[in-house]
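We name chains A, B, ... by the order of the sequence lines, and we start the count at 1 in each one.
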2 protein chains.
Amino acid sequence: MTNPGIEAKIPYSRAAYWQLRSWILDNEMPAGYQATEQEVASVLGMSRTPTREAMLRLENEGLIELRSRHGMRVLPISTDDMREIYEILTGLEASAAASVAEKGANETEIAELESSVADMDQALDNDDLDSWMAADARFHHLLVNFSGNKRLASVVDIFLTQAARARKLTVKLRPKPTKSNIAHAAVVDAIKNRDSDNAWQVHMQHRKESGEMLIGLLQDLGFPHL
Amino acid sequence: MTNPGIEAKIPYSRAAYWQLRSWILDNEMPAGYQATEQEVASVLGMSRTPTREAMLRLENEGLIELRSRHGMRVLPISTDDMREIYEILTGLEASAAASVAEKGANETEIAELESSVADMDQALDNDDLDSWMAADARFHHLLVNFSGNKRLASVVDIFLTQAARARKLTVKLRPKPTKSNIAHAAVVDAIKNRDSDNAWQVHMQHRKESGEMLIGLLQDLGFPHL
DNA sequence: TTACGCAATAACGTATTCATTGTTGCATTA
DNA sequence: TAATGCAACAATGAATACGTTATTGCGTAA
């Protein structure tokens, strides 16, 4: 009735993928959660075929593990895993920052970046860590997208997703991320000045530090994994 | 009879994946090749189910595209694609080089790196570009593996694979890659000196240059894609 | 001749079926 | 009690079956 003709029918396999993904990221399927294909299929209300397809994709993206005869298992994230992930993100996002600075960003793009930095500042003033996390995510997202490199954006997204659960756990425990805001503002400045070396340098330093901070936190708090 | 008990039975889906992958990389299924699921399954001598699984994986890895009702299509690689891929490889491999230099490599590892550089030198003396390409690949492979970052190694591998066909096409046409050998040797030196900044710098510069050279070649030779 | 519409077809997405094989639990034995 | 062997079971990997729907080809009309 509504939307006559624009029936965007989503295939079951895709629906299964998004549903499982969101359950995992929301910790409704926490790290270590295990279930057979049939169990998952039943929960999703479909057959094993599209379920399997979704699980294969999630395995490729590093969120779950498939062990024959044991079904899927939601992967825990150890501090070593986080180290790997942050090393990758550091390299890739720094590339993106340099690339954006080199080719230059238009006014709209600059405005969007600045607006996300402003949101981060405001969130910090309000001690609103949820908003801060959202604005921070937006900044990183914009940055890699403005690089114009679709593959890069997609890889970064995959690893951000892998790290998402751990970040969610620690954001409340970390010191006020004042430095992050400053670093982001500096990256925007470098982009405005078309100074790609500086953009690279600043962003890399920022990612390195925040990665080390996060890993330190996880270790101190005794999260060997998850 | 032979190998009693150690029957390493490969699942059809995995066999299909490797078979298709090798056909694509060897250009037996050239860019643009198109076939339905049923056709591919018939060629592989199995049903659509494991075939489909293999195709999904190849799609995730960026080698083919799946279009409903049209089957799979081997993706062409345009110069823009190569630009994206090389930008990613530059960032990631430079990270790896820095990481290896920072944590240090043991004698065996150094020896392996040096041996691959030596092979590259020898291949160059003999004008044997196939051997050169193999030794070059080995160097890059060793480098990312010695970083100890499994995720990084695996992502690099995926993008190297995407670029493989284009590189194969151009290696015979490019100028003698003397600079590559020098750069690789310099990276090894930086690793030996535990100079991570230098390793980063040299490797990044090398990747940037060879990427630009390759893209220039593709453009000059009028390969808009493939 | 070109555009349009309809019917036949073919391909996919999903469900179901089936054989194979690893796992689990229990009974037996040292 | 702990270890071993066997039988029942359960989960997967693969094949097949089936309904839906986009595409293609042909005939008709402008």
* Asked: Just how far, in rounded Å, is P of D/dT12 from CD of A/Glu59?
  -> 13 Å

* Interatomic distance, B/Glu53 CD vs D/dT12 C1' [rounded to whole Å] -> 11 Å

* Structure fact -> Separation of D/dA15 atom C1' from B/Met46 atom CE, nearest Å, is 12 Å

* Asked: Does A/Lys9 place a side-chain N or O at less than 4.0 Å from the phosphate oxygens OP1/OP2 of D/dT21?
  -> yes

* Measuring from A/Glu37:CD to A/Leu66:CG, what's the distance to the nearest 0.5 Å? -> 7.5 Å

* Would you give a per-nucleotide map of nucleotides 5-12 of chain C, 5' to 3', where B means the base has a protein non-hydrogen atom under 4.0 Å away, S means only the sugar-phosphate does, and - means neither? => ------BB

* For C/dA15, does either OP1 or OP2 sit under 4.0 Å from a side-chain N or O belonging to A/Ser47? -> yes

* Structure fact -> Between OH of B/Tyr12 and P of C/dT20 the distance, given in whole Å, is 11 Å

* To do: Quick one: sort the B/Phe139 and B/His184 rings into parallel, tilted or perpendicular, breaks at 30° and 60°.
  => parallel

* Asked: Counting only heavy atoms not in A/Glu28, do more than 12 sit closer than 6.0 Å to its CD atom?
  -> yes

* Structure fact -> To the nearest angstrom, the CG-P distance between A/Leu56 and D/dA14 comes to 11 Å

* Structure fact -> All heavy atoms of A/Val171 vs all of A/Leu129, minimum pair found to be O-CD1, 3.5 Å

* Structure fact -> With B/Leu218 as partner, the option from B/Thr170, B/Ile77, B/Leu169 fulfilling side chain to side chain contact (heavy atoms under 4.5 Å, CB included) is B/Thr170

* Asked: Does OH belonging to A/Tyr17 count more than 12 external heavy atoms closer than 6.0 Å?
  -> yes

* Does D/dA14 have OP1 or OP2 sitting under 4.0 Å from an N or O in the side chain of B/Ser13? -> yes

* Asked: Nearest-Å distance, CG (B/Leu44) to P (D/dA14)?
  -> 12 Å

